Each structure stands twice: as structure tokens, then as C-alpha cells.
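Have a look at the structure below, then the notes.
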Amino acid sequence: MASMAMELRDSHGRVMRDLRVSVTDRCNFRCLYCLPETEEAANFYRTRWTGDRGKAAPAAIAYEWKPRSELLSYEEIERVVRMGAGLGIDKVRVTGGEPLLRQGVEELVGRLSGVPGVRDLAMTTNGFLFGRKAEALRKAGLRRVSFSMDSLDRGNFLRMTGRDGLAEVLDGIRLARDLGMTPVKVNAVVIRGMNDLEVEALAEFGRQEDLSMRFIEFMPLDASRAWQRDLVVTGAEILGRLRSRWEMEPVGVPERSAETARRWRFTDGRGEVGIIAPVSEPFCGHCNRLRLTADGKVRTCLFSLVEHDLRPLLRGGATDGELAVHLAGIVRGKEAGHRIGQPDFVQPARTMSCIGG
Ligand code: SAM
Ligand code: SF4
């Protein structure tokens with residue numbers, strides 16, 4: 001039996017505290033940096049956007065989704081989270097794909113909110129279905145939600161997500177805030193030539209609506225492998241844009257904090273933004289995250305090239321102690337950091353939608 005003092009420490013001295021649980025690989029959006037709908041969307045950096053809805057729709061890219069039998073059940077996910085919490089995990093985020101597409105996700109939230117040791121349970125969603133689920137999620141114990149919203153312009157939102165859903169997402173974000181699921185964070189992936197000119201408008205939106213806007217660098221995790229360095233708007237560039245408009249100052253974080261966002265507050269007291277720059281300013285040295293995919297694979301890094309399948313153990317009669325020892329062994333092998341920009345960088349086979357962002 002694993003000792004309760006066992007923790008998830010890797011060979012570089014980092015201790016895992018944060019588990020991201022993907023509950024589905026499916027999505028109702030088709031963000032072009034994640035799951036582009038068509039070849040045209042996948043090649044967005046080459047083609048000009050006309051927004052012409054009149055012309056024949058180009059053929060959709062066919063994605064293969066995992067069959068249900070391969071997805072971990074809610075019981076299985078809860079078991080992994082309980083085991084992780086016993087090993088020091090105290091932060092759990094439910095994500096996907098689009099987590100609100102998984103039937104009865106509020107049941108899972110209810111199960112996870114009761115796990116001793118989990119002090120922070122959150123969800124990341126594109127927000128389109130949030131209005132329908134918000135009350136049930138809150139009753140089930142969800143206290144925090146992060147939304148993804150890359151544009152405040154209806155046409156650009158459609159271009160980036162493949163769906164005409166800006167109004168629903170805005171309603172969802174405001175509902176979360178009104179329900180007190182705070183701090184409500186809104187993430188925008190910034191891509192050159194797509195939404196970089198909206199950085200100030202998005203920041204202003206955060207200020208007006210009393211939300212924390214977070215800008216994220218585009219990472220090479222897109223299904224179409226269209227990522228190019230030129231398309232990355234660096235954190236420094238984003239900050240430069242903001243600081244030429246507003247007076248801002250850094251928000252101090254404890255040294256060696258695992259927080260990925262560098263936070264900046266507006267000196268007029270109206271809110272703050274976060275800048276997440278994994279490409280230009282990697283934070284791997286402080287990374288305390290693990291990921292569990294919807295089909296039961298543990299990933300020690302977003303950019304891992306190997307995954308560790310827990311399903312055979314979960315379904316093969318392994319004891320909690322055996323599972324814990326196995327997980328601790330997986331964590332010991334966590335990579336020192338990602339290799340983006342290095343000559344030997346290899347993009348993982350699975351995309352952000354499968355890994356769980
Ligand atoms: N569907 C939900 C959503 O969009 O919020 C949850 C899953 S999504 C994969 C989680 C986060 O990953 C989103 O904030 C999304 O913007 C981000 N993401 C997806 N692909 C990305 C990429 N290539 N680079 C940077 N962030 C990405
Ligand atoms: Fe779906 Fe989220 Fe990926 Fe967009 S980023 S396609 S909403 S999983």
C-alpha cells in the first residue's frame with residue numbers, strides 16, 4: 001500500500017499539485033488553432049478571409065472521436081482524482097474538448113467537489129452551452145470557470161471559432177460573473193493577423209465587465225500543424241500594446257509560484273490582465289501540472305511525446321496503492337521542459353482538444 005506521505009515529485013524536484021482532466025475529445029467549436037473545420041480554415045495564414053457565407057461551404061475535415069467505451073467513466077475519473085489528491089494534488093480543472101458536451105458533466109463536478117484535499121475545482125469552457133448548465137454546475141460545487149473568447153467582433157469570432165456564437169459566449173461569461181463564480185477568467189489566444197488588433201478591446205472588455213482577461217501565446221498544438229513562429233504574438237508584444245494605452249504595473253507573485261500567467265494591474269485600479277507566454281518565456285521550471293486525457297492517458301507535459309495509459313490498471317483490478325505507485329513512477333519521468341523553437345522539437349500527435357488545455 002502506498003504511504004500517504006508519498007508525493008508526486010519528478011526527477012527535477014518539481015511537485016505536482018495541479019491536475020487537468022479532459023472529459024471529452026469532442027467539441028462544438030472549430031477553433032482554427034485547435035480543431036479547424038476545413039482545410040481552408042486550417043490554412044488560415046495563407047488564405048484571405050472573405051466571410052462569404054454565400055459560397056458553397058468547403059468540405060469539413062473529418063475528425064475521429066474516441067468511442068464512448070474508451071472514455072473514462074465518472075467513477076474512474078473520480079478514483080484517479082481521489083488517488084491524486086492523496087498524493088498532493090489540490091487543484092483540479094475539468095476541460096476537454098468542450099467539457100459541457102459530456103452528458104451529465106455536473107455529476108462529475110459533484111463527485112470531484114467532494115474529494116478531500118481538492119481545494120480548487122474549476123472548469124475551462126468555450127461557454128456556448130454554459131447558460132444551460134450554469135445552475136446545475138454551481139449546485140454541484142463548481143466555484144470557478146475560465147472561458148475562452150478570442151474576439152469581440154462577431155465576424156472575427158466566427159472566423160476564429162468556426163461558429164457564430166459570440167452572443168451566447170458573452171451571455172455565459174456574464175452569467176458566471178453574476179452567479180459569483182469568481183474570479184471569472186477569459187482566455188484569448190492571440191494570433192498575428194487574426195485578433196492581435198483586438199488586444200486592447202479585449203482588455204477594455206475585462207475592465208468594463210470586471211473580469212480577468214488573459215492573453216495566451218499560440219502554441220504548436222493545432223490539428224492542422226499550421227503553427228509558425230511568425231504567427232505568435234509574444235507576451236512582450238501584447239504587454240507593449242497594453243502599456244502604450246494604459247499605465248500598468250506587475251502584480252507580484254511568490255517566488256517559484258507555479259502560476260503560468262504574469263499578472264499586470266491597471267494603475268487606475270480598474271482590474272488586471274494575465275499574460276501566458278509558454279512559447280517566448282517558458283515556465284517549465286515551475287510546472288506542477290499533470291494531465292489526464294478523456295481516454296485515460298496521463299501526460300506529464302502538454303508537449304509530451306509519450307502518454308501513460310491508466311485504463312488497463314483502472315479496469316484490470318489494480319488497487320489504489322498500485323495505481324499510486326504507478327502514477328508516482330510516471331511523474332518521476334516528467335520532461336524538464338518543452339522544446340519549442342529547438343531544432344529537435346516534435347509536435348505531439350494529439351492536439352490541444354484531445355490533451356485538455
Ligand atoms: N473547449 C474549451 C475551451 O475552449 O475553453 C476547453 C478546452 S480548450 C483545448 C482549452 C484552452 O486551450 C482554450 O483556452 C484554448 O483557447 C486553448 N488552446 C487551444 N489550442 C491552442 C493553441 N494551439 N495554442 C494556445 N492555446 C490553445
Ligand atoms: Fe473546441 Fe476549445 Fe479547441 Fe476551440 S479551443 S476547438 S472550443 S476544444
Side-chain angles (χ1 to χ4, degrees), residues 20-38 41-42 44-45 60-61 63 65-66 93-102 105 122-130 133 144-151 157-166 168-169 172-173 176 184-192 194-196 202 212-229 231-235 238 260-261 274-280 282-283 289 291-294 299 302-303 338 340 347-348 350-357:
R20 312 212 140 202
V21 179
S22 172
V23 294
T24 179
D25 56 344
R26 293 170 199 241
C27 193
N28 48 351
F29 277 20
R30 287 290 178 275
C31 301
L32 34 71
Y33 51 77
C34 183
L35 273 179
E37 176 124 66
T38 60
F44 63 90
Y45 54 96
I61 298 174
Y63 292 104
W65 314 114
K66 292 278 167 199
R93 179 170 292 274
V94 176
T95 180
E98 175 44 45
L100 298 180
L101 283 187
R102 177 106 182 235
V105 70
M123 177 180 280
T124 303
T125 172
N126 63 33
F128 189 79
L129 297 172
F130 186 75
K133 290 275 185 180
R144 275 200 323 115
V145 194
S146 297
F147 291 87
S148 302
M149 185 185 70
D150 305 318
S151 174
F157 185 97
L158 165 65
R159 180 189 184 198
M160 289 191 75
T161 65
R163 298 291 179 268
D164 189 10
L166 177 62
E168 288 82 351
V169 173
I173 291 172
V184 177
K185 293 182 181 165
V186 179
N187 297 329
V189 177
V190 185
I191 301 183
R192 193 171 311 285
M194 302 284 307
N195 62 343
D196 48 336
L202 287 162
S212 173
M213 243 351 271
R214 292 149 43 109
F215 299 101
I216 307 178
E217 288 180 349
F218 178 26
M219 292 182 275
L221 288 168
D222 53 319
S224 53
R225 295 167 183 262
W227 184 89
Q228 303 172 10
R229 187 115 203 168
L231 298 171
V232 177
V233 182
T234 64
I238 294 167
T260 53
I275 296 182
I276 304 176
V279 178
S280 65
F283 33 76
R289 293 179 176 189
R291 289 181 159 79
L292 179 67
T293 66
R299 295 180 65 94
L302 264 179
F303 295 93
H338 70 60
I340 302 172
Q347 180 167 338
R350 295 225 267 180
T351 63
M352 194 69 143
S353 59
C354 296
I355 296 169

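Numbering of ligands and ligand atoms starts at 1, following listing order. Excluded from the calculations below are hydrogen atoms, water molecules and symmetry mates; all remaining heavy atoms, backbone and side chain alike, are included. All figures in this text were calculated on a predicted structure; none of them were measured in a lab.
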Counting backbone and side chain alike, does Cys27 bring an N/O/S atom below 2.8 Å of atom 4 (Fe) of ligand 2?
no
Atom 14 (O) of ligand 1: nearest protein contact (heavy atom, Å)
Ser148 OG, 2.8 Å
Would you confirm whether Tyr63, through its side chain, and Pro36, through its main-chain N or O, come within 3.5 Å as a donor-acceptor pair?
yes
Would you mind telling me if ligand 1 is within reach of the side chain of Thr124, the backbone, both or neither, using heavy atoms under 4.0 Å?
both
Asn126 and Glu98 side chains, donor-acceptor separation under 3.5 Å
yes
Counting heavy atoms only, which of Cys27, Ser22, Gly97, Gly96 comes nearest to atom 1 (N) of ligand 1?
Gly97
List every atom of ligand 1 that sits less than 4.0 Å from any heavy atom of Phe218, numbering the atoms from 1 in the order shown and giving each element.
23 (N), 24 (N)
Specify the closest pair of heavy atoms between Ala294 and Thr24, including all atoms of both residues, with the distance to one decimal.
CB-N, 3.6 Å
Within the side chain of Gln347, is there an N or O that forms a donor-acceptor pair under 3.5 Å with the backbone of Asp222?
yes
Would you tell me whether Thr124 and Arg20 have side-chain atoms, one donor and one acceptor, within less than 3.5 Å of each other?
no
List every atom of ligand 1 that sits less than 4.0 Å from any heavy atom of Asn126, numbering the atoms from 1 in the order shown and giving each element.
2 (C), 3 (C), 5 (O)
Please write down residue, atom name and distance for the protein heavy atom closest to atom 24 (N) of ligand 1.
Met219 N, 2.9 Å
Taking non-hydrogen atoms only, is Asp150 closer than 4.0 angstrom to ligand 1 via side chain, backbone, both or neither?
neither
Flag Ser146 as yes when one of its N or O atoms lies below 3.5 Å from any N or O atom of ligand 1, and as no otherwise.
no
Atom 6 (S) of ligand 2: closest protein heavy atom, distance to 0.1 Å, is Cys31 N, 3.4 Å
Donor-acceptor check, side chain of Arg30 to backbone of Gly162, threshold 3.5 angstrom: yes or no?
no
Assess whether side-chain hydrogen bond (donor to acceptor under 3.5 Å, both in side chains) is satisfied between Ser146 and Arg214, documenting all intermediate values.
CA-CA 10 Å; Ser146 297; Arg214 292 149 43 109; 5.6 Å; no
Going by the atom numbers of ligand 1, which of them fall below 4.0 Å from some non-hydrogen atom of Glu98?
1 (N), 2 (C)
My understanding is that we take every heavy atom of each candidate and find the minimum distance to atom 5 (S) of ligand 2. Doing that for Gly127, Ser22, Pro36, Cys34, which one comes out nearest?
Cys34
Residue, atom and distance of the protein heavy atom nearest atom 12 (O) of ligand 1 read Met352 CE, 3.5 Å
I'd like to know if the side chain of Glu217 and the backbone of Ser280 have a donor-acceptor N/O pair within less than 3.5 Å.
yes
Protein heavy-atom partner closest to atom 21 (C) of ligand 1 - residue, atom, separation in Å
Tyr33 CD1, 3.5 Å
Taking side chain as C-beta onward, heavy atoms only, is Leu302 less than 4.5 Å from Arg289?
no
Can you tell me if Asn195 uses its side chain to pair, donor with acceptor, with the backbone of Val189 under 3.5 Å?
yes
With nothing but distance in play, are any N or O atoms of Thr95 less than 3.5 Å from an N or O of ligand 1?
no
Give the residue, atom name and distance (to 0.1 Å) of the protein heavy atom nearest atom 26 (N) of ligand 1.
Val189 CG2, 3.4 Å
Going through the checks in order, is the side-chain contact (heavy atoms from CB on, under 4.5 Å) test met by Trp227 and Ile340?
CA-CA 11 Å; Trp227 184 89; Ile340 302 172; 3.9 Å; yes
What protein heavy atom sits nearest atom 10 (C) of ligand 1, and how far off is it?
Gly357 CA, 3.7 Å
